[in-house]
**Student:** 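The structure's right below; bear with me while I get my questions together.
We use all heavy atoms of the structure for the numbers below, so side chains are in, but hydrogens, waters and symmetry mates are not. Labels below follow one simple rule: chain letters A, B, ... track the order of the sequence lines, proteins then strands, and each chain is numbered from 1.
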Amino acid sequence: MANSPLLEMKGIGKRFGNMVALQGIDLALNGGEVLGLVGENGAGKSTLMKILAGAYSRDGGTIAVRGKEIELDSPKAGADAGIAIIYQELSLFPDFDSAENIFAGRELRRSGFSLAPLSHGQMRREARRLLSKELGVEVAIDRPVRELSLSDRQMIEIAKALNSNADIIIMDEPTEALEEVERRQLFAIIKRLQAAGKAIIYVSHRIKELLGICSRVMVLRDGRTVADLPVADLDVDKVVAAMIGGALSKQFPPRVPPRSDPSVEVRGLSRAGAFDDISFSLAKGEIFGIAGLEGSGKSALLRALFGQRAYERGTVKVDGKDVQLTDITDAIRERFAFLPAERKVEGIFPEHSVGWNLSIANLGVLGKITLRPSKEKEVAASYISKLGVKCDGPQAEISSLSGGNQQKVMLARWLLTQPKVLLLEEPTRGVDVRAKSEVYALVQAAAQDGCTVIVVSADNAELLGLCHRVAVMFEGKITTVVDAATSKEETLALHSVRPPETLHPVGGING
Amino acid sequence: AEPDYNAVFPGILMNKDIEQTGQEMKPVKKDNRPLKLGFLPTAMDTYYQRVLAGVKEEIDKRGGAEAIELLVQAPSSQSATDDQIRAMEAWINDGVDAIAVALYNEGALLPSIRRATEAGIPVFLFNSPVADNPYYVSDIGYDQSDGGRAQAQWLVDTYGDKDVKIGILEGLPGPHTSQRMKGFNEIISKHPNFKIVAQQPAGWVRAQGLSVTENMFTANPDIEVLVALYDEMALGGLQALKAKGLNGKVAIVGYENMKEANAAILTGDFSATVDTGAKEEGRNVVRAVDEFLMKGNPLPKKIFVAPKVYDAKNIKTFDQTDYDYVPQQKM
Amino acid sequence: MAEVAVTRPRHAFKFGLASGNAGVYIAFVVLLIALGLAAPRFFTVGNLTDVLRQAVPIAVIAFGATFVIGMRGIDLSVGSTLALTGLVTANLLVLGYSVPVACLAGLALGAFIGVINGLLITKIGITDFIATMAIMVVSRGVVMVYTQGIPITGASDPAFRMIGQSYLAGVPVPVVLTVIVFAAAFYLLYYTRFGRFVLSIGSNPDAARLVGIPTDKVKIAVYVLAGVLSAFAGIMLTSRLESAMPEAGQGYELDVIAAVVIGGTGLSGGRATLFGTVVGAVLMAVVRNGLNLLNVNTFWHQVVIGTIILVAVTADRFNRSRKT
Amino acid sequence: MAEVAVTRPRHAFKFGLASGNAGVYIAFVVLLIALGLAAPRFFTVGNLTDVLRQAVPIAVIAFGATFVIGMRGIDLSVGSTLALTGLVTANLLVLGYSVPVACLAGLALGAFIGVINGLLITKIGITDFIATMAIMVVSRGVVMVYTQGIPITGASDPAFRMIGQSYLAGVPVPVVLTVIVFAAAFYLLYYTRFGRFVLSIGSNPDAARLVGIPTDKVKIAVYVLAGVLSAFAGIMLTSRLESAMPEAGQGYELDVIAAVVIGGTGLSGGRATLFGTVVGAVLMAVVRNGLNLLNVNTFWHQVVIGTIILVAVTADRFNRSRKT
Ligand SMILES: Nc1ncnc2c1ncn2[C@@H]1O[C@H](COP(=O)(O)OP(=O)(O)OP(=O)(O)O)[C@@H](O)[C@H]1O
Ligand SMILES: Nc1ncnc2c1ncn2[C@@H]1O[C@H](COP(=O)(O)OP(=O)(O)OP(=O)(O)O)[C@@H](O)[C@H]1O
Ligand SMILES: [Mg+2]
Ligand SMILES: [Mg+2]
């Protein structure tokens, strides 16, 4: 039965408690096809993919591979059926090195005997080949992955999926943590896999990117399929329209010029092995971007400014007076606020409600000594409406919100402290287009109120669209600072990859 | 003819003696001084402190540390046997002259005792509820079931054939509990007027003696006599009865004659307790070592004395110095 | 995986009723009814008073343990702390110090042990389990050195006896004190910054640090709280017995953890229910009381206790999984 | 990634030498030297042989515990399992069954208890701590019911005594057996899929499920392994004592966990070092032996032991970079 598609899902449905996540989803896929799957946060993309991978049980519907119906009651069943998945939330073993992670669950043995000795050497060779030859990244093969950067870990996830040499490969937002270069690598690989007749499902919020590599795009909204069209008849606006069921106003809010009075002044900030002699001065209401590759020191710098990993040399002035940022509490005393990139790991308190998560950084608002639940509801409710957080009230468990909405709560948490300086690390990672523009608007508004914002991001378009000035870091140094309005993504990309000495210095450090 | 052990071990009960097995050490006259004596109880508590006092005094009489060097070790972890094995093996390697050990249970330490014996180190047992191995030289102390009998006998003597309801505080399940109960039941079973209406474990400790007694009296408010297999538990029971205003009304029969129990009899809170001759036991340990290793005389297999019941009538006759170590001059 | 996000009403949880321990409440009620039928005297004022008083030491310590466990920590040293502080208090009284002085000294010692635990865990970075276990062993050792294995008796100062033995309007003072401690702990855990900090650390330590919670300070404070409450339990026990025993509180650490977990506070931290803890502690006392009332054979006690613990937590599990 | 740890050579990690427990090795050597100087008889063949033999029960159980803890689990039931299996074996021997039958029965019972633990944890979803604690209490209770508190003596069948008392080329047989078990455990943990699965679950349980590891099966298997090794220790102990004590193995659970953690295996799971576990177990035995050789006052024993545990893990903490 060669005519039956490689994969066919029919009438898939899934509910969590009484919340319907998916309803009557049909999905057919042939070898050599790359299906783009898009939708707002919470649309159900990951849920659908997890069902296909056997990680979630489905409430209804059938799944057939090569015309043969399969049960898919466990991730193992998924793997056996030739389905590999890169999960949105990385699922690596922090204590294991990359080789051990790539082969986790299907370690190579000297023989079929279940207690046969493992062939560590072969696994390590294979892993090295995958990473450096196939993916073209240099990853320390024998360091526990907990010590590797997020993008390295993401590449290991990809290697893990490739290594399974499955026929159906699912990638759930694989590029969110990747740099420009690494993304290109990945797209090349996808093309190769496609040529090799594999079927790929590619989930992403970077629609432009997605249209570049997909042959077909499927759009989910509130757990239903609202469009399934060949890429030929699509463009970004059409896709976005389908996603949000209406047209989207401009993604970036119009720039508001910063005020004249200075706010933050950084001089000769250094931390061995992370960043070196960083200087810049920012005005109130200024949004300052920092671009740079993985390991360029940008978030180390950001975290140093928040007192998490203290800098070793240099000075920081806030409103003209010197401040010591040796500890997070110092930074918070100076009304610094920090939004970490890894929301799940460093941001949310999963056991607790939206209200709790929102107020935790500034419990003062709930009462001087006695915290009043009523006040918590009140404050939370006001921010929920102000930021347009989608959830059923302040009582809702934070973990029941979609990525984008969680991110808005994280932002609200800090806005509640009326920060002087807002430090954002990858503020829109994993956030859908609509939520993105909402987040930008919030940042913009904060700036307008005189808050100084520093944004670290791997998304150059974002930096140029949102910031006034963008600095580029290379190997721990700021190599240039450009004016966002007049610069191109290419410029940032160029400075990010090229050693400074091969360039003639651009402008003064302070722009 | 049997030598008169009574001269050496005052009040020894020869009727408790048993046959030699032939596998124990033969007496030897050792001239090296000081003799190294390892003393190894199952724990270091009120009771064994009192035994130790007897040991020290008797050593003093023989010239103190120049005559007998005393090594004391007691289990520190919950699993007493392991620690006792460790100590014994250390001492055997160290080549001590004699080991006195208290067995917690039947069959305990058999291999270690055999090993010591084979290494020419005589092993003396003390306060061991069930001594059943063929290697030890002498088992020093008293018959635990005699303790139970003494408690029961006191009840019989005090209440005659009056109907009496009894509540019993047992210790943790084990040989001490079972031996004492064995003796107690032997007597009581012959006197149907005594009814045991409640019998619960209180883990040898005061806090449990308190709560178990409270609960016991809730279920059986008509208990007239509270028997405890250890004064600690009895003292807990006393606290419970005080709270209920029953102290003095309900008779408490303890076991061990701890200082506090002794005082409680004077105040009338306790009716009786059994003194098991802890200090005398300690003295007898050293006397036995002296006989066996210094004089080279044979010893009986059992060096037991009779436990003594104290109540309001005879409590004044008890010598309070029997509780503490009183340095002795050489005799 | 699918059980990850079990959602339940927030307000219920804030008041410590949730963490889905309704299962335990049911098991508890069933047990009470069963006992009521089996032992007619169970439901007498006298007996219930006794049961409550017997539950006091475990309950008070378990309040502290609820904070510790809600913070994803564990404290094995509580039993030894109880013994040591009880002894010091008793000794000072015997030496003629006034009741307040003796008690404060005991509480201070409890706090001190808590500080040690906290410092070992935060500053040196020893796992809580091992740190508190070592402190458990050491303090028990100190007790032995200090007492030579002999109880300290004669802590019979009338004022001191009040604490553990007197009644207030028919309710035993220790029970009254426990209720007060409960109220305070309840307020502290659910209505103050400190309480939120504790549960935040239990929920996500990294995030807690990043929102500016002084995690080390909070941790130390929590172990101090645990130490002080253990000391308080020790003082009440000493007052009841008018003496202090070297072996007091042995094995309490497990009873306490059992009480907390039976109550519905998970060892994974982030959530804590003080109501549940009370139920857990009382349930344990009820079981032991029942064994005595029914005069159950000595040898069967442990089997029964262990089984009831299992039944209680199992009831809880099934109650939750139905929610998913 | 909040904090970043130090790198270490791959092979060292694989063979469990790592988890940076070099600190303990140093502490251990220092201890040996100190003892050698303080107690001349320490370094005699006789004494060292005894120390090793004394370390055997804890060591064998600790091998199992290393798997359990590497899987981020915990098992408090090992001590009771040791007692119960030892008793059954002894009883069968006394009843005249052959040595192999008796021993296999004991091991089977250990496996059975492991299965119960595993099922309670995986199928019912009770926290390992509480599940194994309840089983600890229940099995100890069963021991009491079974023996009425009286030991089973007379397990003196020469063939059976061989297991615990005989020598092979001057090395005590139990030590030889322990070495064999170690080798097997070592292979299982570092060279087979099963071992990888165990550490995977310990490192990230959700991810383990997602990569298709049958986590429940593996967990149960690990608790079975722990049960069987406890039973094996119980059999060796019984053979050594020629009798089985109802109170045997009390408090072992903590000694075992101490040995594993002192060795350098963290309770957070994902890493495990069997070498370290051996060192941990022997260290504990050496300390207790030293206390006896130096005739240290009994009352000080626990203080010393607790302190040495602290020193050992502290040395360890300082040896590796803080907070991994
Ligand atoms: N384990 C879970 N328990 C309860 N609700 C869940 C669970 N997983 C997902 N949901 C809910 O199901 C809906 C779909 O979630 P899903 O993660 O599939 O969205 P998504 O399209 O992947 O969003 P994003 O673009 O942010 O990844 C959301 O409302 C989410 O809150
Ligand atoms: N905790 C740490 N200890 C030691 N070195 C560190 C630590 N954190 C980061 N580094 C090093 O500092 C350099 C910069 O790291 P950083 O995470 O800032 O890179 P980055 O540009 O922020 O990467 P990303 O794109 O993930 O933000 C890297 O070489 C990294 O290895
Ligand atoms: Mg998703
Ligand atoms: Mg970074």
**Student:** Please confirm whether the backbone N or O of A/L115 pairs with a side-chain atom of D/Y187, one donor and one acceptor, at under 3.5 Å?
**Tutor:** yes

**Student:** Taking all heavy atoms of A/F96 and all of D/G270, pick out the closest pair and write down the distance.
**Tutor:** CE2-O, 3.7 Å

**Student:** Please check if the side chain of D/R193 supplies one atom and the backbone of A/E107 the other of a donor-acceptor pair under 3.5 Å.
**Tutor:** yes

**Student:** Let me know if A/A116 has heavy atoms under 4.5 Å from chain D in its side chain, its backbone, both or neither.
**Tutor:** backbone

**Student:** Need one label for A/L92: side chain, backbone, both or neither, based on atoms under 4.5 Å from any heavy atom in chain D.
**Tutor:** backbone

**Student:** Looking only at heavy atoms, which two atoms of A/P94 and D/S203 are closest? And how far apart?
**Tutor:** CD-OG, 3.2 Å

**Student:** Measure distances from D/L199 to the heavy atoms of chain A and classify the residue's part below 4.5 Å as side chain, backbone, both or neither.
**Tutor:** both

**Student:** What is the distance from atom CZ of D/F194 to atom CG of A/L118, rounded to the nearest 0.5 Å?
**Tutor:** 12.5 Å

**Student:** Can you tell me how far apart CZ (A/R106) and CD1 (D/I213) are? Round to the nearest 0.5 Å.
**Tutor:** 10.5 Å

**Student:** Report the C-alpha separation of A/D95 and D/N204 in whole Å, then their side-chain angles, then the decisive distance to 0.1 Å, and conclude whether the side chain to side chain contact (heavy atoms under 4.5 Å, CB included) test is met.
**Tutor:** CA-CA 9 Å; A/D95 305 284; D/N204 182 349; over 6 Å; no

**Student:** What part of A/F103 gets within 4.5 angstrom of chain D, counting heavy atoms only: side chain, backbone, both, or neither?
**Tutor:** neither

**Student:** Nearest heavy-atom pair of A/S91 and D/L210: which atoms, and what distance?
**Tutor:** CB-CD1, 4.0 Å

**Student:** Write down the atom of A/P144, the atom of D/R271, and the distance for their closest heavy-atom approach.
**Tutor:** CG-NH2, 4.1 Å

**Student:** Once you round to the nearest 0.5 Å, how far does OG1 of D/T192 lie from CZ of A/R109?
**Tutor:** 9.5 Å

